[in-house]
Amino acid sequence: KPILKHLRKLVHGACPEVQEVIKWGFPNFEYKGLVCSMASFKQHCAFGFWKASLLEDYEKKLSPLGDTAMGHFGKITRLKDLPSDKTLLKYIKEACRLNAAGTRISKVKPTVKKGLVVPIYFKRELAKHKKANSTFDAFPYSQKKEYVDWVSEAKTETTRAKRMATAIEWLAEGKIRNWKYAR
């Protein structure tokens, strides 16, 4: 409790306009958007910033979220686990300044393309049936994956052969894997 009270006092001191709200079951501080949050656990507490990736790390104290605990300062068990009050105030003020300026965290889309591994037996069967092969090639990744997973998940060779035959039949008719449930 003393650590959380200290953090609360610092946040309100750094930005008197900050609003304290409960989100996700723990206190969050808002000023023109989420600024920071704190959480308590049985043996420790955590404190973190919503836009920590955009903050200048003055004393190299901010750890990536999830490395050691929920917050950006690891598991806090005593006041000495935190950076100095002066540094914490800088972080809080900068976080509030970022919100006031309307700065947003950019979402980085992964550049790695999804690669579907089509088993050799599946490719061989498709090669024997032109219509099924062209339908399969025209499908988006998700529909191809549904067919490949369905056939590959068979536990016995007999079941796999039956599913493969059914898959070829449905593909030749231009049907998606779950065509029965399509609207």
Do the rings of [X] and [Y] sit parallel, tilted or perpendicular, given the 30° and 60° boundaries?
X: F41; Y: H44; value: parallel
X: W50; Y: W24; value: parallel
X: H12; Y: F29; value: perpendicular

With heavy-atom distances below 4.5 Å as the criterion, would you say the side chains of [X] and [Y] are in contact?
X: R8; Y: M38; value: yes
X: L34; Y: K23; value: yes
X: W170; Y: T135; value: no
X: S152; Y: P119; value: yes
X: E125; Y: H129; value: yes
X: E146; Y: N178; value: yes

- Closest non-hydrogen atom pair, A95 against V35: CB-CG1, 3.6 Å
- Query: Nearest heavy-atom pair of A167 and V151: which atoms, and what distance?
  - Reply: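 The answer is CB-CG2, 4.2 Å.
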- Query: Do the side chains of V21 and V11 join up, straight or via other hydrophobic residues, at under 4.5 Å, putting them in one cluster?
  - Reply: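 No, because V21 and V11 fall into different hydrophobic clusters, even though each may have its own neighbours under 4.5 Å.
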- Query: Are M164 and W179 connected in a single hydrophobic cluster, I mean Ile/Leu/Val/Met/Phe/Trp/Tyr linked by side-chain heavy atoms less than 4.5 Å apart?
  - Reply: yes
- Message: Centre-to-centre under 6.0 Å for F136 and F122, is that the case here?
- Response: yes
- Begin with the C-alpha distance, continue with both residues' side-chain angles, and end with the deciding distance and a verdict on side-chain contact (heavy atoms from CB on, under 4.5 Å) for C96 and Y91. CA-CA 9 Å; C96 289; Y91 288 139; over 6 Å; no
Quick check for you: to the nearest 0.5 Å, what is the distance between [X] atom [atom1] and [Y] atom [atom2]?
X: R160; Y: E157; atom1: CZ; atom2: CD; result: 4.0 Å
X: K128; Y: N133; atom1: NZ; atom2: CG; result: 12.5 Å
X: L171; Y: K144; atom1: CG; atom2: NZ; result: 11.0 Å
X: C45; Y: R78; atom1: SG; atom2: CZ; result: 12.5 Å
X: E20; Y: N28; atom1: CD; atom2: CG; result: 9.0 Å
X: L7; Y: S40; atom1: CG; atom2: OG; result: 11.5 Å

- Side-chain donor-acceptor pair under 3.5 Å between Y147 and T166, yes or no? no
- Message: For I22, I'd like to know if atom CD1 has over 12 heavy atoms of other residues, nucleotides or ligands within 6.0 Å.
- Response: yes
- E17, CD: over 12 other non-hydrogen atoms inside 6.0 angstrom: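 Yes, the 6.0 Å shell around CD holds more than 12 heavy atoms from other groups.
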- Message: side-chain contact (heavy atoms from CB on, under 4.5 Å), that's the test. Do F47 and L4 meet it? Break it down for me.
- Response: CA-CA 9 Å; F47 185 73; L4 297 174; over 6 Å; no
- Message: Check this for me, if you would: do K131 and E173 make a salt bridge, where the nitrogen-to-carboxylate-oxygen distance has to be below 4.0 angstrom?
- Response: no
- Query: Is there a side-chain contact (heavy atoms from CB on, under 4.5 Å) between W150 and R163 once you walk through the steps?
  - Reply: CA-CA 8 Å; W150 179 57; R163 287 184 183 179; 3.6 Å; yes
- Go through D85 and T87 one step at a time and tell me if the side-chain contact (heavy atoms from CB on, under 4.5 Å) criterion holds. CA-CA 5 Å; D85 287 358; T87 302; over 6 Å; no
